[in-house]
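In what follows, a single structure is set out as structure tokens and then discussed.
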Amino acid sequence: MAEQFYPYTGATNPTAYEYWNECTDPDYLLEKLMWDIAPIDGKMVLDVGAGSGFQAVRYASKAFRIFAAEPDPRMLRQIYLRLAKEDVGNVSVLAVSAEEITLPTDSIDVAYARFAYFYGTDDCLPGLSEIQRVLKPGGHFFVIDNNPDRGQFGKLARQAHPEIYTPTYVDERTDFYREHGFERFEVDTLIRAPDRQVLGEILKLDFADNYRKVLCSIEGTELSYSLSVYHFKE
Ligand SMILES: C[S@@+](CC[C@H](N)C(=O)[O-])C[C@H]1O[C@@H](n2cnc3c(N)ncnc32)[C@H](O)[C@@H]1O
């Protein structure tokens, strides 16, 4: 396991995690923002903390090659199961953490870490220099994080995890990333479930045993969800 290893509940609940990926950002606003800044068509792409490989496989049709870097064996299993089902030949799995990417220097055009490892504290500096090592000159790196200051999901996440989402969470991350050369963007998107049973499954990932209470506080099958996107250009 990686030195800085942050486990995620999706590793032990693949069904809920798949729903989460299918229902989050249904209009693809996040990737529109990222690929407008840094088009990935025909490019070498790195997904850091790739989870079950949902995004890596999704973006594979555009990229020349995608490396899905993931240290958790339970997630690696999910990636391999996905790759066995999908017809993609340009996704390569790296069983590594962000601090030790087994790729050559200057080999990646666009890297991204979606809710993974780069939580905007000094702990992620070894990983940050490792990503900068593998980025080509002019390469791009995106870090995607929850924004607890906006949207229904952020508000609920802050209520459930006040020790993580402190009142200054976003300001502190913004300052941290600015100091390291990143620019901040916001994406106001949605979680849109097909029904309340699926929404409940999704909520289990972040709210565990409290998910029923959280579900009762939401009307219908949709909730607003805001993201902070930090962008670095090498
Ligand atoms: C919240 S999940 C997000 C997964 C995926 N990016 C997504 O958007 O669905 C965080 C992922 O980061 C992985 N992770 C934990 N520690 C890591 C590290 N040191 N380097 C890279 N990834 C790490 C976890 O195993 C998990 O798969």
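Below, all heavy atoms of this structure are taken into account, side chains as well, without hydrogens, waters or symmetry copies. Read the numbers this way: they start at 1 and go in the same order the structure lists the ligands and their atoms. These figures come from a predicted structure and were not determined experimentally.
- Ion pair R58/E31 flagged as a salt bridge, since at least one NZ, NE, NH1 or NH2 atom sits closer than 4.0 Å to an Asp/Glu carboxylate oxygen.
- The distance from ligand 1 to the heavy atoms of F115 drops below 4.0 Å at these ligand atoms: 1 (C), 2 (S), 3 (C), 8 (O), 10 (C).
- Remark: ligand 1 and Y8 share no N or O pair separated by less than 3.5 Å (distance only, no angle test).
- Applying the salt bridge (Lys or Arg N to Asp or Glu O under 4.0 Å) test to D188 and every residue at least two apart in sequence or in another chain returns R150.
- In summary, the atoms of ligand 1 found under 4.0 Å from a heavy atom of M75, numbered by their order in the structure, are 27 (O).
- If you number the atoms of ligand 1 from 1 as listed, the ones under 4.0 Å from a heavy atom of F5 come out as 15 (C), 16 (N), 25 (O).
- Those atoms of ligand 1 that come under 4.0 Å of a heavy atom in Q4, given as number and element, are 16 (N), 17 (C), 18 (C), 19 (N).
- Taking every non-hydrogen atom of D72 and a distance limit under 4.0 Å, the qualifying atoms of ligand 1 come out as 25 (O).
- Between L30 and I144 the shortest side-chain heavy-atom distance falls below 4.5 Å.
- At least one heavy atom of E99 sits less than 4.0 Å from an atom of ligand 1.
- Considering both main-chain and side-chain atoms, A98 comes within under 3.5 Å of ligand 1 through a nitrogen or oxygen pair.
- Within the 4.0 Å heavy-atom shell around ligand 1 one finds P71.
- On a distance-only criterion, G49 and ligand 1 share at least one N/O pair closer than 3.5 Å.
- Under the 4.5 Å side-chain criterion, counting only non-hydrogen atoms from C-beta, W35 is in contact with K62.
- L46 places a side-chain heavy atom less than 4.5 Å from the side chain of I131.
- Under the 30°/60° scheme for interplanar angles, the aromatic rings of F176 and H180 are found to be tilted.
- For a threshold of 3.5 Å applied to N or O pairs, the pair formed by D47 and ligand 1 contains no separation below that value.
- Among D25, T189, N146, the single residue meeting the side-chain hydrogen bond (donor to acceptor under 3.5 Å, both in side chains) criterion with Y225 is N146.
- Contact analysis puts Y17 in contact with ligand 1, with a non-hydrogen atom separation below 4.0 angstrom.
- At least one heavy atom of Y117 sits under 4.0 Å from some atom of ligand 1.
- L205 is not listed as a side-chain neighbour of Y211, based on a closest heavy-atom distance of 4.5 Å or more.
- By the 4.0 Å N-to-carboxylate-O rule, R158 lies close enough to D149 to be salt-bridged with it.
- By heavy-atom distance, the residue among R74, Q78, E70, E130 lying nearest atom 25 (O) of ligand 1 is E70.
- You'll find the side chain of L156 reaches within 4.5 Å of the side chain of I218, heavy atoms only.
- By the criterion of a heavy-atom distance under 4.0 Å, the side chain of N21, and not its backbone, is placed next to ligand 1.
- Atoms of ligand 1 lying under 4.0 Å from any heavy atom of Q55, numbered from 1 in the order shown and given with element: 7 (C), 8 (O), 9 (O).
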